[in-house]
*Asks:* 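Shown below is the structure under consideration.
Atoms within a ligand are numbered from 1 in the order they appear, just like the ligands themselves. If you're wondering where the values come from, they're calculated on a predicted model, not measured in any experiment. Residue numbers start at 1 and run along the sequence shown.
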Amino acid sequence: MGSAGLLSRHKVEFAKKLVQVCPGDLNRVIFAGSGADAVDGAIKLALGATGRTKILSMVKAYHGHSGFSLSANGKDYYKELFEPLMPNFDFLPFGDLNAFLRKADRNTAAVILEPIQGEGGIHVASDEYLAGLRRHCDNLGIQLIFDEIQTGFGRTGKLWAYEHSSVVPDIMVLAKSIGGGVYPNGAIVYRDTPVLTNFGEKNPWFHVSLGGGSDIGCRISSKVLDYIVENRLWENAERMGGKIRNGLLKLQEQNPEIILEVRGRGMMLGLEYKHDFMGMLMAECLSRKGMFAAYSGNAPQVMRFQIPLTLSEPEADEVISIIEEALKIMKLYLILLMPLSRLPLIGRVLNNQKVLISSSAFLRKFGF
Ligand SMILES: Cc1ncc(COP(=O)(O)O)c(C=O)c1O
(Lines give C-alpha, C1' and ligand atoms only; values in the text may rest on other atoms or scores of the structure.)
Protein backbone atom coordinates (compact mmCIF):
# COMPACT_ATOMS: atom_id res chain seq x y z
CA MET A 1 0.00 0.00 0.00
CA GLY A 2 1.04 3.58 -0.63
CA SER A 3 0.21 5.12 2.72
CA ALA A 4 3.12 7.22 3.96
CA GLY A 5 2.54 5.73 7.42
CA LEU A 6 3.59 2.33 6.10
CA LEU A 7 7.17 3.08 5.14
CA SER A 8 9.08 0.35 3.39
CA ARG A 9 12.49 -0.23 1.88
CA HIS A 10 11.13 0.29 -1.64
CA LYS A 11 9.48 3.62 -0.86
CA VAL A 12 12.53 4.93 0.94
CA GLU A 13 14.98 3.72 -1.71
CA PHE A 14 13.04 5.33 -4.51
CA ALA A 15 12.52 8.60 -2.61
CA LYS A 16 16.27 8.78 -1.91
CA LYS A 17 17.15 7.99 -5.51
CA LEU A 18 14.73 10.63 -6.75
CA VAL A 19 16.08 13.47 -4.62
CA GLN A 20 19.65 12.53 -5.51
CA VAL A 21 18.95 13.42 -9.14
CA CYS A 22 17.13 16.68 -8.37
CA PRO A 23 19.70 19.50 -8.40
CA GLY A 24 19.11 22.21 -5.81
CA ASP A 25 17.74 21.53 -2.36
CA LEU A 26 14.65 19.62 -3.45
CA ASN A 27 14.98 16.81 -0.96
CA ARG A 28 11.60 15.92 0.52
CA VAL A 29 9.14 13.57 -1.13
CA ILE A 30 5.45 12.78 -0.73
CA PHE A 31 4.05 10.16 -3.07
CA ALA A 32 0.75 10.60 -4.88
CA GLY A 33 -1.60 8.44 -6.92
CA SER A 34 -1.57 10.49 -10.13
CA GLY A 35 -0.50 13.80 -11.57
CA ALA A 36 -3.69 15.56 -10.48
CA ASP A 37 -3.29 14.11 -6.99
CA ALA A 38 0.30 15.40 -6.84
CA VAL A 39 -0.84 18.87 -7.95
CA ASP A 40 -3.58 18.84 -5.30
CA GLY A 41 -1.01 17.93 -2.64
CA ALA A 42 1.41 20.62 -3.82
CA ILE A 43 -1.26 23.32 -3.68
CA LYS A 44 -2.39 22.12 -0.24
CA LEU A 45 1.21 22.20 0.95
CA ALA A 46 1.59 25.81 -0.24
CA LEU A 47 -1.76 26.94 1.24
CA GLY A 48 -1.24 25.15 4.54
CA ALA A 49 2.39 26.16 5.00
CA THR A 50 1.94 29.85 4.18
CA GLY A 51 -1.51 30.28 5.74
CA ARG A 52 -2.42 32.35 2.66
CA THR A 53 -5.43 31.84 0.40
CA LYS A 54 -4.58 32.88 -3.17
CA ILE A 55 -3.19 30.68 -5.98
CA LEU A 56 -1.91 32.03 -9.28
CA SER A 57 -1.91 29.80 -12.34
CA MET A 58 -1.49 30.39 -16.06
CA VAL A 59 -3.86 30.93 -18.96
CA LYS A 60 -4.07 27.65 -20.96
CA ALA A 61 -2.37 25.71 -18.14
CA TYR A 62 -3.24 22.05 -17.65
CA HIS A 63 -2.82 20.47 -14.23
CA GLY A 64 -5.37 17.65 -14.05
CA HIS A 65 -8.99 16.94 -13.22
CA SER A 66 -9.37 16.75 -9.44
CA GLY A 67 -10.33 19.55 -7.01
CA PHE A 68 -7.37 21.94 -6.75
CA SER A 69 -5.76 20.82 -10.01
CA LEU A 70 -8.97 21.36 -12.01
CA SER A 71 -9.32 24.79 -10.44
CA ALA A 72 -5.78 25.57 -11.65
CA ASN A 73 -6.59 24.64 -15.26
CA GLY A 74 -6.43 27.64 -17.53
CA LYS A 75 -9.24 26.67 -19.85
CA ASP A 76 -12.97 26.91 -19.08
CA TYR A 77 -13.83 23.90 -21.26
CA TYR A 78 -12.79 21.47 -18.49
CA LYS A 79 -14.32 23.46 -15.66
CA GLU A 80 -17.60 25.00 -16.74
CA LEU A 81 -19.79 21.99 -15.95
CA PHE A 82 -18.62 21.81 -12.33
CA GLU A 83 -18.61 25.34 -10.99
CA PRO A 84 -18.15 26.69 -8.39
CA LEU A 85 -14.67 25.23 -8.06
CA MET A 86 -12.02 26.10 -5.46
CA PRO A 87 -12.01 29.82 -4.60
CA ASN A 88 -9.21 32.35 -5.07
CA PHE A 89 -7.57 30.99 -8.21
CA ASP A 90 -6.43 33.63 -10.68
CA PHE A 91 -4.78 33.30 -14.09
CA LEU A 92 -1.84 35.06 -15.71
CA PRO A 93 -0.69 35.20 -19.32
CA PHE A 94 2.22 32.74 -19.55
CA GLY A 95 5.58 34.48 -19.73
CA ASP A 96 4.36 37.91 -18.58
CA LEU A 97 6.26 38.92 -15.46
CA ASN A 98 4.46 42.25 -15.16
CA ALA A 99 1.13 40.43 -15.03
CA PHE A 100 2.53 38.35 -12.16
CA LEU A 101 3.62 41.50 -10.35
CA ARG A 102 0.18 43.07 -10.78
CA LYS A 103 -1.61 40.08 -9.23
CA ALA A 104 0.87 38.70 -6.69
CA ASP A 105 0.64 39.96 -3.14
CA ARG A 106 1.26 38.90 0.45
CA ASN A 107 -1.89 36.81 0.41
CA THR A 108 -0.62 34.72 -2.52
CA ALA A 109 0.39 31.24 -1.38
CA ALA A 110 1.79 29.95 -4.68
CA VAL A 111 2.21 30.37 -8.37
CA ILE A 112 2.01 27.15 -10.36
CA LEU A 113 3.26 26.65 -13.90
CA GLU A 114 4.63 24.13 -16.36
CA PRO A 115 8.18 25.15 -17.40
CA ILE A 116 7.02 24.22 -20.90
CA GLN A 117 3.25 24.41 -21.29
CA GLY A 118 2.11 21.10 -22.76
CA GLU A 119 -1.65 21.18 -23.34
CA GLY A 120 -1.36 24.94 -23.73
CA GLY A 121 0.47 24.38 -27.03
CA ILE A 122 4.18 23.84 -26.23
CA HIS A 123 5.19 27.25 -24.94
CA VAL A 124 8.69 27.36 -23.46
CA ALA A 125 9.12 29.66 -20.46
CA SER A 126 12.18 31.86 -20.97
CA ASP A 127 15.06 31.67 -18.49
CA GLU A 128 14.54 35.36 -17.65
CA TYR A 129 10.86 34.79 -16.88
CA LEU A 130 11.60 31.88 -14.55
CA ALA A 131 14.44 33.78 -12.86
CA GLY A 132 12.11 36.78 -12.43
CA LEU A 133 9.41 34.61 -10.89
CA ARG A 134 11.97 33.09 -8.52
CA ARG A 135 13.18 36.52 -7.42
CA HIS A 136 9.72 37.97 -6.84
CA CYS A 137 8.45 34.81 -5.13
CA ASP A 138 11.39 35.05 -2.71
CA ASN A 139 10.60 38.72 -2.02
CA LEU A 140 6.91 38.09 -1.41
CA GLY A 141 7.15 34.72 0.38
CA ILE A 142 5.28 32.95 -2.45
CA GLN A 143 5.88 29.24 -3.15
CA LEU A 144 7.02 28.57 -6.72
CA ILE A 145 5.51 25.29 -7.99
CA PHE A 146 6.73 23.66 -11.19
CA ASP A 147 4.49 21.04 -12.73
CA GLU A 148 7.02 18.74 -14.43
CA ILE A 149 4.47 16.03 -15.11
CA GLN A 150 5.04 16.34 -18.87
CA THR A 151 8.50 17.91 -18.89
CA GLY A 152 10.20 15.68 -16.31
CA PHE A 153 12.26 12.49 -16.66
CA GLY A 154 14.38 13.60 -19.60
CA ARG A 155 11.76 14.75 -22.10
CA THR A 156 13.14 18.23 -22.73
CA GLY A 157 16.81 17.27 -23.14
CA LYS A 158 17.65 17.52 -19.43
CA LEU A 159 16.41 15.24 -16.69
CA TRP A 160 14.22 18.11 -15.40
CA ALA A 161 13.12 21.11 -17.41
CA TYR A 162 14.09 23.43 -14.53
CA GLU A 163 17.74 22.54 -15.17
CA HIS A 164 17.70 24.55 -18.42
CA SER A 165 17.28 27.76 -16.42
CA SER A 166 18.85 26.61 -13.12
CA VAL A 167 15.79 28.09 -11.39
CA VAL A 168 14.91 25.68 -8.59
CA PRO A 169 11.22 25.66 -7.61
CA ASP A 170 10.04 25.29 -4.01
CA ILE A 171 7.78 22.42 -4.99
CA MET A 172 7.88 20.17 -8.04
CA VAL A 173 5.18 17.69 -9.06
CA LEU A 174 5.88 14.52 -11.02
CA ALA A 175 3.81 11.71 -12.51
CA LYS A 176 3.39 10.11 -15.99
CA SER A 177 6.91 8.91 -16.94
CA ILE A 178 7.62 8.14 -13.28
CA GLY A 179 5.85 4.84 -13.94
CA GLY A 180 7.40 4.23 -17.37
CA GLY A 181 3.95 3.70 -18.87
CA VAL A 182 3.67 0.51 -16.81
CA TYR A 183 2.33 1.42 -13.38
CA PRO A 184 0.85 4.69 -12.08
CA ASN A 185 2.70 6.70 -9.49
CA GLY A 186 3.22 10.35 -8.66
CA ALA A 187 5.34 12.53 -6.40
CA ILE A 188 5.54 15.93 -4.76
CA VAL A 189 9.18 16.88 -4.25
CA TYR A 190 9.85 19.96 -2.15
CA ARG A 191 12.61 22.03 -0.65
CA ASP A 192 13.66 21.66 2.92
CA THR A 193 12.75 25.24 3.87
CA PRO A 194 11.51 26.10 7.38
CA VAL A 195 8.05 27.06 6.13
CA LEU A 196 7.47 23.85 4.13
CA THR A 197 9.29 21.40 6.40
CA ASN A 198 7.62 22.68 9.60
CA PHE A 199 4.21 22.33 8.02
CA GLY A 200 5.01 18.83 6.69
CA GLU A 201 6.30 17.69 10.07
CA LYS A 202 3.39 19.13 12.03
CA ASN A 203 0.84 17.68 9.59
CA PRO A 204 2.25 14.36 8.41
CA TRP A 205 -1.16 13.28 7.09
CA PHE A 206 -1.97 16.42 5.16
CA HIS A 207 -1.93 14.53 1.85
CA VAL A 208 -2.15 10.76 1.79
CA SER A 209 -2.95 8.20 -0.86
CA LEU A 210 -3.30 4.49 -0.50
CA GLY A 211 -2.49 3.92 -4.18
CA GLY A 212 0.27 6.49 -4.80
CA GLY A 213 3.72 5.37 -3.69
CA SER A 214 2.80 1.70 -3.38
CA ASP A 215 5.70 -0.72 -3.08
CA ILE A 216 5.11 -2.07 -6.58
CA GLY A 217 4.85 1.48 -7.93
CA CYS A 218 8.08 2.53 -6.20
CA ARG A 219 9.98 -0.55 -7.39
CA ILE A 220 8.89 0.16 -10.95
CA SER A 221 9.61 3.90 -10.68
CA SER A 222 13.02 3.03 -9.29
CA LYS A 223 13.86 0.83 -12.28
CA VAL A 224 12.51 3.46 -14.67
CA LEU A 225 14.75 6.10 -13.12
CA ASP A 226 17.77 3.74 -13.19
CA TYR A 227 17.17 3.06 -16.87
CA ILE A 228 16.80 6.75 -17.72
CA VAL A 229 19.93 7.70 -15.76
CA GLU A 230 22.12 4.76 -16.91
CA ASN A 231 21.23 5.37 -20.55
CA ARG A 232 21.23 9.16 -20.22
CA LEU A 233 17.96 9.20 -22.14
CA TRP A 234 17.71 13.00 -21.95
CA GLU A 235 20.69 13.10 -24.32
CA ASN A 236 18.83 10.95 -26.82
CA ALA A 237 15.81 13.24 -26.37
CA GLU A 238 18.05 16.19 -27.25
CA ARG A 239 19.62 14.43 -30.27
CA MET A 240 16.53 12.81 -31.76
CA GLY A 241 14.35 15.79 -30.80
CA GLY A 242 16.81 18.00 -32.75
CA LYS A 243 16.56 15.71 -35.76
CA ILE A 244 12.76 15.74 -35.72
CA ARG A 245 12.71 19.47 -35.17
CA ASN A 246 14.91 20.00 -38.25
CA GLY A 247 12.61 17.73 -40.27
CA LEU A 248 9.58 19.71 -39.10
CA LEU A 249 11.28 23.02 -39.91
CA LYS A 250 11.94 21.75 -43.44
CA LEU A 251 8.26 20.81 -43.75
CA GLN A 252 7.34 24.29 -42.54
CA GLU A 253 9.47 25.81 -45.30
CA GLN A 254 7.74 23.61 -47.87
CA ASN A 255 4.23 24.21 -46.48
CA PRO A 256 4.04 27.82 -45.30
CA GLU A 257 0.27 27.87 -45.97
CA ILE A 258 -0.23 25.12 -43.35
CA ILE A 259 2.53 25.34 -40.72
CA LEU A 260 2.96 28.55 -38.74
CA GLU A 261 5.67 27.58 -36.25
CA VAL A 262 7.75 24.74 -34.86
CA ARG A 263 8.81 25.08 -31.21
CA GLY A 264 9.74 23.17 -28.09
CA ARG A 265 12.74 21.58 -26.44
CA GLY A 266 14.26 18.11 -26.76
CA MET A 267 11.53 15.59 -27.44
CA MET A 268 8.71 17.96 -26.45
CA LEU A 269 7.86 19.57 -29.74
CA GLY A 270 4.88 21.49 -31.02
CA LEU A 271 3.79 22.17 -34.55
CA GLU A 272 1.44 25.15 -34.82
CA TYR A 273 -0.90 25.18 -37.81
CA LYS A 274 -2.41 28.26 -39.38
CA HIS A 275 -5.99 27.34 -38.38
CA ASP A 276 -7.48 25.56 -35.35
CA PHE A 277 -9.23 22.91 -37.46
CA MET A 278 -5.93 21.78 -38.97
CA GLY A 279 -4.78 20.17 -35.70
CA MET A 280 -7.68 17.74 -35.64
CA LEU A 281 -7.52 17.16 -39.38
CA MET A 282 -3.81 16.36 -39.22
CA ALA A 283 -4.41 13.98 -36.29
CA GLU A 284 -6.85 12.15 -38.56
CA CYS A 285 -4.42 12.10 -41.51
CA LEU A 286 -1.57 10.87 -39.31
CA SER A 287 -3.69 8.11 -37.83
CA ARG A 288 -4.34 6.84 -41.37
CA LYS A 289 -0.58 6.49 -41.75
CA GLY A 290 -0.31 4.61 -38.46
CA MET A 291 0.83 7.48 -36.26
CA PHE A 292 -1.04 8.54 -33.16
CA ALA A 293 -0.56 12.27 -32.50
CA ALA A 294 -2.59 14.51 -30.23
CA TYR A 295 -3.41 18.13 -30.83
CA SER A 296 -3.07 20.19 -27.66
CA GLY A 297 -6.15 20.08 -25.42
CA ASN A 298 -5.96 23.80 -24.69
CA ALA A 299 -4.68 24.88 -28.13
CA PRO A 300 -6.17 22.71 -30.90
CA GLN A 301 -4.09 24.39 -33.61
CA VAL A 302 -0.90 22.98 -32.04
CA MET A 303 0.06 19.35 -32.48
CA ARG A 304 2.25 17.89 -29.76
CA PHE A 305 5.00 15.43 -30.56
CA GLN A 306 6.07 13.67 -27.38
CA ILE A 307 7.74 10.63 -28.84
CA PRO A 308 9.34 7.92 -26.64
CA LEU A 309 12.77 8.96 -25.40
CA THR A 310 14.23 5.68 -26.65
CA LEU A 311 13.61 6.68 -30.29
CA SER A 312 16.32 5.48 -32.71
CA GLU A 313 17.64 7.36 -35.74
CA PRO A 314 15.77 5.23 -38.33
CA GLU A 315 12.59 5.67 -36.29
CA ALA A 316 13.10 9.44 -36.27
CA ASP A 317 13.42 9.35 -40.08
CA GLU A 318 10.23 7.30 -40.24
CA VAL A 319 8.38 9.82 -38.06
CA ILE A 320 9.28 12.64 -40.44
CA SER A 321 8.35 10.70 -43.55
CA ILE A 322 4.95 9.75 -42.05
CA ILE A 323 4.27 13.40 -41.24
CA GLU A 324 5.27 14.29 -44.81
CA GLU A 325 2.83 11.70 -46.18
CA ALA A 326 0.05 12.85 -43.87
CA LEU A 327 0.56 16.44 -45.02
CA LYS A 328 -0.05 15.28 -48.60
CA ILE A 329 -3.39 13.74 -47.57
CA MET A 330 -4.29 16.87 -45.61
CA LYS A 331 -3.65 19.06 -48.65
CA LEU A 332 -6.38 17.17 -50.53
CA TYR A 333 -8.89 18.06 -47.79
CA LEU A 334 -7.66 21.64 -47.80
CA ILE A 335 -8.60 22.12 -51.46
CA LEU A 336 -12.19 22.22 -50.19
CA LEU A 337 -11.73 23.45 -46.62
CA MET A 338 -9.46 26.47 -47.18
CA PRO A 339 -11.91 28.44 -49.36
CA LEU A 340 -14.71 27.53 -46.92
CA SER A 341 -12.69 28.60 -43.89
CA ARG A 342 -12.38 32.11 -45.39
CA LEU A 343 -16.15 32.62 -45.09
CA PRO A 344 -16.52 34.15 -41.61
CA LEU A 345 -19.44 32.04 -40.37
CA ILE A 346 -18.15 28.73 -41.75
CA GLY A 347 -14.64 29.57 -40.55
CA ARG A 348 -15.97 30.03 -37.00
CA VAL A 349 -17.89 26.75 -37.14
CA LEU A 350 -14.89 24.87 -38.57
CA ASN A 351 -12.66 26.08 -35.77
CA ASN A 352 -15.11 25.38 -32.98
CA GLN A 353 -13.74 22.65 -30.70
CA LYS A 354 -17.10 20.98 -30.06
CA VAL A 355 -17.78 20.86 -33.81
CA LEU A 356 -14.30 19.43 -34.40
CA ILE A 357 -14.81 16.66 -31.85
CA SER A 358 -18.27 15.64 -33.10
CA SER A 359 -17.36 15.81 -36.80
CA SER A 360 -14.34 13.58 -36.20
CA ALA A 361 -16.56 11.05 -34.37
CA PHE A 362 -19.11 11.27 -37.23
CA LEU A 363 -16.46 10.64 -39.92
CA ARG A 364 -15.07 7.66 -38.03
CA LYS A 365 -18.51 6.18 -37.47
CA PHE A 366 -19.10 6.15 -41.19
CA GLY A 367 -15.72 4.67 -41.96
CA PHE A 368 -13.96 7.73 -43.42
C1 LIG B 1 1.24 19.07 -17.05
C2 LIG B 1 0.26 18.12 -16.47
N3 LIG B 1 -0.10 18.22 -15.18
C4 LIG B 1 -0.96 17.39 -14.60
C5 LIG B 1 -1.52 16.34 -15.31
C6 LIG B 1 -2.48 15.40 -14.64
O7 LIG B 1 -1.90 14.15 -14.52
P8 LIG B 1 -2.83 12.84 -14.33
O9 LIG B 1 -3.53 12.63 -15.64
O10 LIG B 1 -1.86 11.75 -13.99
O11 LIG B 1 -3.77 13.15 -13.23
C12 LIG B 1 -1.18 16.18 -16.64
C13 LIG B 1 -1.79 15.10 -17.44
O14 LIG B 1 -1.84 15.10 -18.64
C15 LIG B 1 -0.27 17.07 -17.25
O16 LIG B 1 0.08 16.97 -18.52
Side-chain angles (χ1 to χ4, degrees), residues 2 30-46 55-75 77-79 82 85-86 89 91-92 94-95 110-125 130 144-156 160-162 164 169 171-189 207 209-214 217-218 220-221 224 264-270 292-300 302-309:
I30 297 170
F31 290 117
S34 67
D37 186 32
V39 171
D40 274 17
I43 291 176
K44 283 162 67 185
L45 175 59
I55 300 291
L56 295 175
S57 182
M58 301 289 151
V59 174
K60 290 195 183 172
Y62 184 83
H63 296 295
H65 278 239
S66 60
F68 287 108
S69 68
L70 182 62
S71 308
N73 275 352
K75 191 176 179 190
Y77 178 75
Y78 299 110
K79 305 192 281 190
F82 315 108
L85 296 172
M86 298 296 180
F89 278 72
F91 295 86
L92 312 170
F94 189 75
V111 56
I112 179 166
L113 71 152
E114 304 150 81
I116 301 179
Q117 275 197 328
E119 294 291 327
I122 313 292
H123 294 287
V124 183
L130 296 179
L144 180 60
I145 306 176
F146 283 175
D147 178 340
E148 291 241 21
I149 289 168
Q150 284 199 29
T151 52
F153 292 97
R155 173 140 307 276
T156 68
W160 314 111
Y162 79 82
H164 290 285
I171 307 172
M172 170 165 77
V173 285
L174 304 172
K176 282 196 200 294
S177 308
I178 199 172
V182 180
Y183 198 89
N185 205 357
I188 304 155
V189 187
H207 196 72
S209 158
L210 199 73
S214 67
C218 286
I220 290 171
S221 295
V224 168
R265 237 173 196 167
M267 206 88 93
M268 185 163 181
L269 296 170
F292 183 50
Y295 59 91
S296 307
N298 293 355
V302 184
M303 182 155 282
R304 285 178 300 144
F305 291 97
Q306 309 220 62
I307 302 162
L309 306 187

*Asks:* Spell out, as yes or no, whether a donor-acceptor pair under 3.5 Å connects the side chain of Lys176 to the backbone of Gly35.
*Replies:*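 No; zero donor-acceptor contacts below 3.5 Å.
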
*Asks:* Could you check whether Glu114 and Gln150, counting side-chain N and O atoms only, form a donor-acceptor pair closer than 3.5 Å?
*Replies:* no

*Asks:* Ile122 and Gly264: which non-hydrogen atoms are nearest, and at how many Å?
*Replies:* CG2-CA, 3.6 Å

*Asks:* Can you give me a line-by-line list of nitrogen or oxygen pairs between ligand 1 and the protein shorter than 3.5 Å?
*Replies:*
unit_1: ligand 1; atom_1: 3 (N); unit_2: Tyr62; atom_2: O; d: 3.4
unit_1: ligand 1; atom_1: 3 (N); unit_2: Asp147; atom_2: OD1; d: 3.4
unit_1: ligand 1; atom_1: 3 (N); unit_2: Asp147; atom_2: OD2; d: 2.7
unit_1: ligand 1; atom_1: 10 (O); unit_2: Gly35; atom_2: N; d: 2.8
unit_1: ligand 1; atom_1: 11 (O); unit_2: Gly35; atom_2: N; d: 3.4
unit_1: ligand 1; atom_1: 11 (O); unit_2: Ala36; atom_2: N; d: 2.8
unit_1: ligand 1; atom_1: 14 (O); unit_2: Lys176; atom_2: NZ; d: 2.6
unit_1: ligand 1; atom_1: 16 (O); unit_2: Gln150; atom_2: NE2; d: 2.7

*Asks:* If you measure from CZ on Phe146 to CD1 on Ile171, what distance do you get to the nearest 0.5 Å?
*Replies:*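 So the gap between those two atoms works out to 11.5 Å.
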
*Asks:* With sequence neighbours excluded, tell me which residues meet ring-ring contact (aromatic ring centres under 6.0 Å, His included) with Tyr78.
*Replies:* Tyr62, His65

*Asks:* Between Glu148 and Pro115, is there a donor-acceptor pair closer than 3.5 Å when you use the side chain of the first and the backbone of the second?
*Replies:* no

